[in-house]
Structure formats: C-alpha cells, structure tokens
Amino acid sequence: TQADEPLALASVLERRAELAQGADRAGLLVRSGRAFEAAGEGADAIRVTRSAASAQPGPEVFEQLARLHAVGNEPAR
C-alpha cells in the first residue's frame, strides 16, 4: 500500500548506504532518515541520521538530526 512505501524506501536506501562510502553514504542515510520519518519511524530516522553524521558531518545532517530530536521530544546526544 502507499502507506508502506516510505518505510520500504527507507529500508532500501539504508541497505544501499551499507555499500557506499563518504558523502554518498551520508546522502543515502539522510534520505533514508527522511523516509523513516515520513513512515512515522522516528527512532529509526534518528538512528540512520546519526550514522550519516558519522559518515560525513555537515550542516544538513546536523539540522535534520536536531529537528528529529525536537519532533520526538528526545534530547540530542
């Protein structure tokens, strides 16, 4: 169903990121995080976005991570 599409996309992007490095890996993980968020999977969105920050720190990644923490009422780590 259409409701499952963001979750499926997030999973595929996360798997593709496992095969990538550097900026490509981070970009795939950021996209995966957005898809997990769209699927209502906040904890998974934070998890993959943290991985993106580890792979390639940058403003876009940190802004997304801060927003996810704010939406989830979870303190940033």
Side-chain angles (χ1 to χ4, degrees):
T1 67
Q2 279 189 331
D4 296 331
E5 288 178 17
L7 186 56
L9 175 62
S11 296
V12 168
L13 291 169
E14 183 179 13
R15 285 189 205 111
R16 284 183 58 198
E18 292 173 3
L19 304 174
Q21 296 179 357
D24 290 337
R25 176 178 170 78
L28 289 166
L29 289 168
V30 166
R31 290 176 53 204
S32 176
R34 288 183 185 139
F36 273 125
E37 181 183 17
E41 300 293 329
D44 286 326
I46 289 171
R47 177 181 54 78
V48 297
T49 304
R50 280 189 186 141
S51 294
S54 294
Q56 185 83 24
E60 178 186 11
V61 177
F62 291 122
E63 288 171 7
Q64 180 170 327
L65 193 55
R67 185 179 48 72
L68 288 167
H69 280 287
V71 168
N73 294 320
E74 181 178 324
R77 296 183 200 176

Enquirer: Measuring from atom CG of Leu28 to atom OG of Ser51, what distance do you get when rounded to the nearest 0.5 angstrom?
Expert: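 Leu28 CG to Ser51 OG: 12.5 Å, rounded to 0.5 Å.
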Enquirer: Might you point out which heavy atoms bring Ala52 and Val30 nearest each other, and give the distance in Å?
Expert: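 Looking at all heavy atoms of both residues, the shortest contact is CB-CG2, 3.9 Å.
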Enquirer: Going from CG on Leu9 to CG on Asp4, what distance comes out if it is rounded to the nearest 0.5 angstrom?
Expert: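 It comes to 12.5 Å.
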Enquirer: Hydrophobic clusters here meaning ILVMFWY residues chained together by side-chain heavy-atom distances under 4.5 Å, can you tell me if Phe36 and Leu29 are in one?
Expert: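 Yes.
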Enquirer: How long is the span from the CD1 atom in Ile46 to the NE2 atom in His69, to the nearest 0.5 Å?
Expert: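 Between Ile46 CD1 and His69 NE2, I get 4.5 Å after rounding to 0.5 Å.
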Enquirer: Could you check whether Glu14 pairs with Arg47 (Lys NZ or Arg NE/NH1/NH2 to Asp/Glu carboxylate O, under 4.0 Å)?
Expert: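 Here Glu14 pairs with Arg47 in a salt bridge, since their nearest N and O are under 4.0 Å apart.
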Enquirer: What's the spacing between Arg67 CZ and Thr49 OG1 if we round to 0.5 Å?
Expert: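 Going from CZ on Arg67 over to OG1 on Thr49, the span is 8.0 Å.
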Enquirer: Between Glu18 and Arg25, is there a side-chain N and carboxylate O pair less than 4.0 Å apart?
Expert: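 No.
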Enquirer: Which heavy atom of Gln56 sits nearest to which heavy atom of Val61, and what is that distance?
Expert: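 Here Gln56 and Val61 meet closest at O-CG2, 3.9 Å.
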Enquirer: Say you draw a straight line from CZ of Arg34 to CG of Leu68; how long is it, rounded to the nearest 0.5 Å?
Expert: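 If I round to the nearest 0.5 Å, the distance is 9.5 Å.
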Enquirer: Looking at CZ of Arg50 and CD of Gln64, how far apart are the two atoms once the value is rounded to the nearest 0.5 Å?
Expert: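 Answer for the CZ-CD pair, Arg50 versus Gln64, is 12.5 Å.
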